[in-house]
Amino acid sequence: MTTAQTRTESQDVLDVQPTPLALLLLGREADPRSERGVECPGDLPSPSDPNLVARARAAKEKLGEKVFVLGHHYQRDEVIQFADVTGDSFKLAKDAAARPEAEYIVFCGVHFMAESADILTSDDQKVVLPDLAAGCSMADMATAEQVAECWDTLTDAGVAEQVVPVSYMNSSADIKAFTGKHGGTICTSSNAKRALDWAFEQGEKVLFLPDQHLGRNTAVRDMGLSLDDCVLYNPHKPNGGLTVEQLRAAKMILWRGHCSVHGRFSLESVEDVRARIPGVRVLVHPECKHEVVAAADEVGSTEYIIKALDAAPAGSKWAIGTELNLVRRLANAHPDKEVVFLDKTVCFCSTMNRIDLPHLVWALESLAEGSLVNRIQVDRETESFAKLALERMLALP
């Protein structure tokens, strides 16, 4: 290839216009067919506006007890400073339900989290997501149509009656509703083993949605099942890429989904940090790959990671395998300990980071002016079955 050809091709790449999908991901267009209803909210304040903090504080004070701001652990600090409570997705949804006097729940997180808050709060409360483009790649890896097709495959294989669905909290309201309708339960990364124990009391097999790694790690690491007991259902292949014999032999049918952040961590990441920092303890989230979890010193949910660092002795060294905003916050909170990000490559949760200070200011000021924006509302039937699945989780021993 000549230099001239290379230069021309480079110019062609630079001149490419964004596709409609790219515009949707950027939140600059609307798609009326989309479940997520992504659209630009209008004129946002400039991110360089030096008055953003003061504007957010003024709007929040004007709203008073009418607004309750939730901040997920993975949010950036500029947003977290305005959160009334922080936590993981389910804790925040429960916190919202415990504040019935708040007319507006502003959820600084991602779409499925806001859906869960809407399901658990009263009809009088309105859940707002500051940027509708703040989705979750993992949750979007399992659509209602794909899961319905999977159930048909299980039915044709003669195993559907033996299967109990267990869906991770990081799933859409539609998937939670499917789970509730088919006798299953929801789980978090904290109670996944309890949920699976319950499911195996109800049936012989589990369909675990949508995160394959949490399902595999819990089954193998915590419950003593083997990797051979697990099969991976790929929704993009006929019959999930599995034979009838494989489906009949499997105990865990894992959906082919993953977290784009936790999936980045590798065995090489663990080996590298151990070589660089003698005596380091590796602590990872169970959404990481199985080989990463097997090589780690400790494995646990976001809340577990926070408590482990709080309890760790001064002078201890930690490499944390979870989202970078939280790791940075933990490092700042524990100056007496060495806390590093497990991967040498910086990686934020890109969709979580869509909730920035300009979007939060815009949402709060709009509400303060009496304009309801970016409401997340789950339809009644979906809400009913999703709530059933959530209630089964709450009833777990």
Any side-chain heavy-atom pair of [X] and [Y] under 4.5 Å:
X    : Y    : answer
L207 : W151 : yes
P130 : W362 : no
I305 : T322 : yes
V69  : I105 : no
V339 : N332 : no
E161 : K205 : no
L196 : M252 : yes
I253 : L154 : yes

Looking at [X], I'd like to know if its [atom1] atom is crowded, meaning that more than 12 non-hydrogen atoms belonging to other residues, nucleotides or ligands lie closer than 6.0 Å.
X    : atom1 : answer
E65  : CD    : no
K251 : NZ    : no
Q162 : CD    : yes
R256 : CZ    : no

Is there a donor-acceptor contact under 3.5 Å from the side chain of [X] to the main chain of [Y]?
X    : Y    : answer
Q202 : W198 : yes
Q125 : S122 : yes
R281 : S316 : no
N51  : A54  : no
N191 : T188 : yes
R76  : N325 : no

Is there a donor in the side chain of [X] and an acceptor in the side chain of [Y], or the other way round, less than 3.5 Å apart?
X    : Y    : answer
D49  : S46  : no
D229 : S226 : yes
E287 : Y168 : yes
S137 : D140 : no

Using ring pair (Phe, Tyr, Trp, His ring centres under 6.0 Å) as the criterion, list what pairs up with H72, not counting sequence neighbours.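 By the ring pair (Phe, Tyr, Trp, His ring centres under 6.0 Å) rule, H72 matches Y74.
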Under the rule for ring pair (Phe, Tyr, Trp, His ring centres under 6.0 Å), what residues qualify as partners of F68, not counting sequence neighbours?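 Counting only residues at least two positions away or on another chain, F68 forms no ring pair (Phe, Tyr, Trp, His ring centres under 6.0 Å).
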Checking [X] now: which residues fulfil side chain to side chain contact (heavy atoms under 4.5 Å, CB included) with it, not counting sequence neighbours?
X    : result
E103 : K66, K126
D123 : R380, E383
I277 : V273, V280, K317, E338, V340
D310 : I306, H334

Look at the side-chain heavy atoms of Ile, Leu, Val, Met, Phe, Trp and Tyr, link any pair under 4.5 Å apart, and say whether [X] and [Y] land in one connected group.
X    : Y    : answer
V166 : V159 : no
L390 : V127 : yes
V147 : M138 : no
L70  : I80  : no
V220 : V299 : no

Interatomic distance, [X] atom [atom1] to [Y] atom [atom2] [nearest 0.5 angstrom]:
X    : Y    : atom1 : atom2 : answer
E145 : C150 : CD    : SG    : 13.5 Å
H111 : D131 : NE2   : CG    : 11.0 Å
H236 : Q146 : NE2   : CD    : 5.5 Å
L214 : L209 : CG    : CG    : 11.5 Å
D95  : T121 : CG    : OG1   : 12.5 Å
M393 : T179 : CE    : OG1   : 12.0 Å

Scan for ring pair (Phe, Tyr, Trp, His ring centres under 6.0 Å) pairs involving residues 265-321, sequence neighbours excluded, and state none if there are none.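 Found H262-H285, F265-F341.
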Applying salt bridge (charged side-chain N to carboxylate O under 4.0 Å, His left out), which residue pairs with at least one partner in residues 184-194 are found, sequence neighbours left out?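 Every pair satisfying salt bridge (charged side-chain N to carboxylate O under 4.0 Å, His left out) with a residue in residues 184-194: K193-D197.
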Is the shortest side-chain N to carboxylate O distance from D118 to K387 below 4.0 Å?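 Salt bridge flag = no for K387 with D118.
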Apply salt bridge (charged side-chain N to carboxylate O under 4.0 Å, His left out) to K60 and list each qualifying residue two or more places apart in sequence or on a separate chain.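 Partners of K60 under the salt bridge (charged side-chain N to carboxylate O under 4.0 Å, His left out) test: D84.
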Got a sec, which residues hit salt bridge (charged side-chain N to carboxylate O under 4.0 Å, His left out) with R57, two or more places apart in sequence or on another chain?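 Scan of R57 (salt bridge (charged side-chain N to carboxylate O under 4.0 Å, His left out), adjacent residues dropped) gives none.
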Test S190 against S301 for side-chain hydrogen bond (donor to acceptor under 3.5 Å, both in side chains), laying out the working first. CA-CA 6 Å; S190 300; S301 66; 3.0 Å; yes
Taking only residues two or more places apart in sequence, or in another chain, which ones meet D152 in a side chain to side chain donor-acceptor pair (under 3.5 Å)?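 D152: no side chain to side chain donor-acceptor pair (under 3.5 Å) contacts found.
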For residues [X] and [Y], report the shortest heavy-atom separation together with the two atoms involved.
X    : Y    : result
V164 : G203 : CG2-N, 3.8 Å
A142 : W255 : CB-NE1, 3.5 Å
A56  : F82  : CB-CZ, 3.5 Å
A139 : S172 : CB-N, 4.2 Å
T185 : A195 : CG2-CB, 4.1 Å
I175 : A144 : CD1-N, 3.9 Å

Checking side chain to side chain contact (heavy atoms under 4.5 Å, CB included) for the pair L242/L232: CA distance, chi angles, key distance, verdict? CA-CA 8 Å; L242 299 169; L232 189 62; 5.9 Å; no
Hydrophobic cluster mates of M141, side-chain heavy atoms under 4.5 angstrom, ILVMFWY only, any path?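 None; M141 is a cluster of one.
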State which residue, out of E323, E303, R329, fulfils the side-chain hydrogen bond (donor to acceptor under 3.5 Å, both in side chains) condition with H73.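 Of the listed options, the one satisfying the test is E303.
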Criterion side chain to side chain contact (heavy atoms under 4.5 Å, CB included) on D297 and L283, from CA distance to verdict: CA-CA 6 Å; D297 296 298; L283 172 55; over 6 Å; no
